[in-house]
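Just so it is clear, the structure is predicted and the values come from calculations on it, not from any experiment.
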Amino acid sequence: AHSFPTRRSSALFPSQDSARLGLIAATNFIIKQAKGANPLAFLVCSCLIAPWPLLILSAGRIGWSGIAQQLQHLDGHSIAALAFQVYPATLLGYTIWNSLLKRYPLAMVAPLSLCVPVFGMLASMWIFNEQLSWLKGLAMFLILLGLAINNWGKNWLTILSAKSHA
């Protein structure tokens, strides 16, 4: 078992979660404004920029020695996992996401990001034969129910109201 450094507090990086959410929001806004850009080409170009701030954030979290230690322990499984993250997950996922952002209002597309953990849990069930606990099943159901209400709730209320007045 490898022992990697845990999260360090830093005045420069008080909350990586806040920084991450801010970067995601800024990226969605930039993609929405780049109306004529090809989603795949836009993604490939942005992938040349993204590693550098992420490297700095990682150094702020675990230090340069932590990064060096992690690089020393790369093996075939790590490289395969990285290849999966880079190619099918990132290129396919973000190309679809960027295409949605070009076609629809950001307020309509943004809630769909809540599907990420649902698809992650389903993929772990399919690929790794992970068992789904009732709590995870309930969480997935509530996420999908919330999305359904958000997207179609107004139509459902209109239909139910029309039926009750008929």
CG of Leu144 to SG of Cys115: how many Å apart, nearest 0.5 Å? 6.0 Å
Less than 4.5 Å apart, side chain to side chain, heavy atoms only: is that true for Trp64 and Leu55? yes
First locate atom CG of Asn150, then atom CG of Leu145, and finally report the distance between them rounded to the nearest 0.5 Å. 11.0 Å
Quick check on the hydrophobic clustering: are Trp97 and Leu106 connected, directly or via other members, by side-chain heavy-atom contacts under 4.5 Å? yes
Val109 vs Arg103 side-chain heavy atoms within contact, under 4.5 Å: no
Same cluster (ILVMFWY, side-chain, under 4.5 Å), Leu147 and Leu122: yes
Hydrophobic clustering (ILVMFWY, side-chain heavy atoms < 4.5 Å, transitive) - are Phe119 and Met121 grouped together? no
Tell me every residue that passes side chain to side chain contact (heavy atoms under 4.5 Å, CB included) with Phe84, counting only those two or more places apart in sequence or in another chain. Pro88, Ala89
Sorted by first residue and then second, give each salt bridge (Lys or Arg N to Asp or Glu O under 4.0 Å) pair with at least one member in residues 119-135; sequence neighbours left out. Glu130-Lys136
Would you please test Thr95 and Asn98 for side-chain hydrogen bond (donor to acceptor under 3.5 Å, both in side chains) and show each step? CA-CA 5 Å; Thr95 298; Asn98 293 349; 5.9 Å; no
Cluster membership besides Trp126, Ile/Leu/Val/Met/Phe/Trp/Tyr side chains within less than 4.5 angstrom, sorted by chain and number, is Ile127, Phe128
Taking the side chain as every heavy atom from C-beta outward, state whether Gln70 and Ile62 have any pair of such atoms under 4.5 Å apart. yes
Residues at least two apart in sequence or cross-chain that pass side chain to side chain contact (heavy atoms under 4.5 Å, CB included) with Ala110, listed by chain then number, are none
Spacing of Ile49 atom CD1 and Leu54 atom CG [to the nearest 0.5 Å]: 11.5 Å
Residues two or more places apart in sequence or in another chain: which of them pass side chain to side chain contact (heavy atoms under 4.5 Å, CB included) with Leu48? none
If I take atom CG from residue Leu114 and atom CG from residue Leu142, how far apart are they, to the nearest 0.5 angstrom? 12.0 Å
List for me each residue that meets side chain to side chain contact (heavy atoms under 4.5 Å, CB included) alongside Ile96, sequence neighbours excluded, and say none if there are none. Leu92, Leu100
